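Only one structure is covered here, and it is reproduced in the block below.
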Amino acid sequence: MIAQIIIDIPAQQTNRPFDYAIPEALDHLVQPGMRVLVPFGRQGHLRQGFVWQLADTSEFKDKLKPIRKILDLEPVLNQEALDMAAWLAKDTFSFLISCLQTMLPNALRANYQRFFSLKAPLSADSPLIPLLDSPLHGKFPAQLDPKLGQKIKLLEQQGVLTIDYQVSQRLGIKKVLVYRNLLTAAMIQAQLIATRANARQQLLLLNFLHDHLTFTGTWADWQEQLPELSRSTLTSAVKKQWLASQEVESYRRPTSLETTETAHQLTAEQQTALAAINPQIVAQQQQVFLLEGITGSGKTEVYLQALAEALRKGRTALMLVPEIALTPQMVNRVRQRFQKQVAVLHSGLSAGERFDEWRRIERGEAKVVVGARSAVFAPLKNIGVIVIDEEHETSYKQTEMPRYHARDVALYRSSIHHCPVILGSATPSLESRARAQKGRYQLLRLTKRPQAAQLPQVNILDMRQADKVSGKTSLSVNLLTALQQRLAAGEQSILLLNRRGYANFIMCRDCGQVIKCPNCDISLTLHQDIQALKCHYCGHQEPIPQVCPHCHSRQIRSFGVGTQRVEQDLQALLPTARILRMDVDTTSKKGGHARIIKKFGQHQADILLGTQMIAKGLDFPEVTLVGVINADTSLSLPDFRASERTFQLLTQVSGRAGRANKAGEVIVQTYNPDNYAIQLAAKQDYETFYRQEMHLRHLGGYPPYYYTILVSVSHAQEDLTAQKIFQIQRQLLPILSPQAVVLGPVPQMIARINNRYYYQLIIKYKQEPKLFAALQQLTQTMQKESGFQLRIDREPLQFS
DNA sequence: AGCACGCCGACT
DNA sequence: GTCGGCGTGCTC
């Protein structure tokens, strides 16, 4: 037998299977979907590969090398997954190997170790005895004897043992430090006197210990009780022997919720929606629903009851949520409904945690999967319904190979599993809404808020006329006054800084030169906190210069509004306000995002200041004011989706104000008060926006009236890059119909990144039967052209 | 990615 | 003559 194997070659210069001989010892063990180690190249170095297919013969019959080792006793990818990989590779012009790897948890891409657990002790003569490290637990040796492997597999089939996998790098059991008080009440009194009055944190800690002598917990637990406490105070307290610290094993899935939640009473609209969806789950029909519901209209309840219906029918369910909306609040709500049947996949998990969840899904222990983009590949069997919440979110599209859109993958899977798909949003993408218009999707609308909560009062503030706070160009007196009022009333505010297409750069006032990245054609961004200039494309970093590098003038200043700058200004204007800043800088650390949200949710701050990420799916009942500092910066982007993005952002952020019993107010500062996107977002009027925007897309010949494909080439030499893109254009033009439009070739908006030059062209088309094959052909030929990189992006969300 | 093969210029 | 620079192509 011959095994055709997709090999993981780092450079990914090849996209076809390689044939290998199956040694006799592995004869009936090798199956498609298994990972194997094979010798590759002249040196015969071992590489990991996926068995793609089995075959009887090979045209390389005399050159065949044998498979060296199998890494799985059961395939990690079933036939459905392999077929999906083939489809995905073709659909996104990607390499098969990259598709196979994105479908697996990271842990399986690297080395891992295998263990087995026994249900009962083995008999003394069992060949597995040498592998045991405890009576019921054994370890696979690095080089497993194939006969032994066969034996283990047989025992697994008989249910005598189960096989567990662990990642070798993460093999160490996760440990956390737990701090425990050592002081008695009397000792605390003594220390309180002995400690200097300006040692604020230490006094804080002592006072807390006085009232909680037995308090024990991790750093996170302490911080929850004493938000101001720094970690170093705890460590120094250990040194002074006030506290003892101890390493304790922590489990990867600590959360098991005691509380349960049952289904809510449905509104009439929610009932109508479910009455349409549920029969399709029962009938196993591949029907797509577009659930268009204003913020707070209870879309989630519809999802949850649809998931429940799938489970009742003995099927599984998949729910996709944007990464940013995968908050503990959100996850807990699903867990409370479905308890242990839920598996959660998100980027906050370590490789080990993620793998544990993946295994639970694969074994069928978890029947409901909640996760971000890549969870669409979750190894669920017999899917009954797929939900995509906030379906318009751009984060569903992956920006690297394979450039898939989770929505398209979901539609593919629904056709295999014969199940309905629910796309939900308050502001659907025009593509989806247009398909609903044409009847390809069924439109379901939720227009009312259940608890009769009223929509917030939205005021559009014309910044051309408005009084501005003296010395500040970005803050109106109205907004400042409103902030002061909330502060006085003890209520919370959210401030959105729309930073899309807007950054903080440094320019010389004498010669007008902007400081740019030496590797890329882009200005460097000022980061006040680390006192450095940073390139957001290649990561280049340099200190802030004192004089202009071109003319040596001292008149170099920063321009633009950054969150750090606004935070400083606000703090100066509102000295008593507790301001929390949320942007890439403050959330990059693991869990930083969740920590800020938690802090704000517990009302430990008065103002939450941040970029787009504060707009998504957060629910803070105490917030009564939402301010948008610059509504229109995203309007001026050279992107036909600029209005759509602005509308979505403003609609979402406006929905954040006053959701419970308190009335909310929204202040939108803008230089384009008459713009339709801004006007209609203020009214939360999606349908009118949809019609108007569709009209403009029609006039401009943009999606959803046309499909788009971006073809981009890069090379270290600019002239070669330009030549190549024109050559590609000449190749493609003859096979295109007269209806297709080719835009470009042009240099990319940022034409040089990391010392590579980028040129692109965009094809707009309706129906081009020959185009895909030609592009497929192009990926093949370009592999042979060294130094060039080709990128083909179907339906790109960013045209740069 | 590696690594061999091969074509060219510079050197003991 | 021969050593070694790196551009090019292959790996079942």
Side-chain angles (χ1 to χ4, degrees), chain A residues 1-72 75-77 82 85-86 89-90 93-102 104 106 108-112 146 168-169 400-402 538 713-724 727-728 731 753-757 776-791:
Chain A
M1 281 293 260
I2 308 295
Q4 300 181 351
I5 293 167
I6 307 288
I7 303 177
D8 168 27
I9 306 168
Q12 295 186 344
Q13 286 292 318
T14 176
N15 196 28
R16 64 182 193 284
F18 286 80
D19 295 352
Y20 280 85
I22 301 175
E24 224 163 280
L26 300 176
D27 201 10
H28 294 290
L29 289 175
V30 177
Q31 289 169 41
M34 281 179 176
R35 295 168 311 142
V36 291
L37 290 184
V38 291
F40 188 75
R42 283 171 234 272
Q43 291 299 105
H45 281 152
L46 287 185
R47 301 224 71 105
Q48 184 180 293
F50 293 85
V51 179
W52 184 246
Q53 265 188 320
L54 298 181
D56 293 322
T57 54
S58 166
E59 54 176 305
F60 296 92
K61 45 182 176 284
D62 48 339
K63 288 198 223 154
L64 290 185
K65 291 179 185 173
I67 292 175
R68 191 65 66 79
K69 193 176 166 188
I70 57 174
L71 295 174
D72 306 294
V76 289
L77 293 169
L82 294 176
K90 207 174 166 204
F93 303 97
S94 304
F95 296 117
L96 262 175
I97 186 70
S98 69
C99 296
L100 292 167
Q101 287 182 333
T102 43
L104 288 177
N106 257 322
L108 287 181
R109 296 180 211 174
N111 299 325
Y112 69 100
S168 50
Q169 291 106 318
E400 291 123 49
M401 273 250 253
C538 72
V713 193
S714 77
H715 192 276
Q717 271 175 271
E718 185 165 19
D719 51 347
L720 293 180
T721 320
Q723 277 170 28
K724 183 58 71 184
Q727 184 197 326
I728 291 170
Q731 276 172 33
I753 299 169
N754 237 337
N755 288 320
R756 289 184 72 87
Y757 292 86
Q776 220 68 257
Q777 183 62 43
L778 189 63
T779 61
Q780 295 297 320
T781 53
M782 285 295 284
Q783 277 176 41
K784 297 188 179 82
E785 310 240 12
S786 65
F788 286 103
Q789 263 172 29
L790 175 74
R791 183 180 128 199

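The chains referred to below are lettered A, B, ... by the order of the sequence lines, with proteins before strands, and numbering in each begins at 1. Just so it is clear, the model here is predicted, and its values are computed rather than measured.
- As rounded to whole Å, 12 Å separates atom P of B:dG2 from atom CG of A:D8.
- For the pair A:K90 (side chain) and A:Q776 (backbone), a donor-acceptor distance under 3.5 Å is absent.
- What separates CG of A:D62 from P of C:dT11 is a distance of 12 Å, to the nearest Å.
- Distance CD1/A:I22 to CD/A:Q31: 10.0 Å, rounded to 0.5 Å.
- Listed by chain and residue number, A:L88, A:T92, A:S94, A:S98, A:C99, A:T102, A:Q398, A:Y404 satisfy the side chain to side chain contact (heavy atoms under 4.5 Å, CB included) test with A:P402 (two or more places apart in sequence, or in another chain).
- Between A:D72 and A:R35 a salt bridge is recorded (basic side-chain N to carboxylate O distance below 4.0 Å).
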Quick one: side chains of residues 54-61 of chain A, donor-acceptor pairs under 3.5 Å with protein atoms, not counting sequence neighbours, listed by atom name and distance.
| unit_1 | atom_1 | unit_2 | atom_2 | d |
| --- | --- | --- | --- | --- |
| A:S58 | OG | A:D19 | OD2 | 2.5 |
| A:S58 | OG | A:F60 | N | 3.0 |

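- When every heavy atom of A:Q717 is checked against every heavy atom of A:Y757, the shortest pair comes out as C-CD1, 4.0 Å.
- Distance OH (A:Y20) to C1' (C:dC12): 5 Å, rounded to an integer number of Å.
- For A:L37 and C:dC12, the CG to C1' distance is 16 Å, given to the nearest whole Å.
- Per the geometry, CG belonging to A:D19 stands 11 Å off P belonging to C:dC12, to the nearest Å.
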Restricting to nitrogen or oxygen on both sides, can you table the protein-nucleotides 5-9 of chain C pairs closer than 3.5 Å?
| unit_1 | atom_1 | unit_2 | atom_2 | d |
| --- | --- | --- | --- | --- |
| C:dG9 | N2 | A:R42 | NH2 | 3.4 |

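- Taking atom NZ of residue A:K63 and atom P of nucleotide C:dC10, one finds them 10 Å apart after rounding to whole Å.
- In this entry the distance linking CG of A:L64 with C1' of C:dT11 reads 13 Å, nearest Å.
- For the pair A:I2 CD1 and C:dC12 P, the computed distance is 14 Å after rounding to whole Å.
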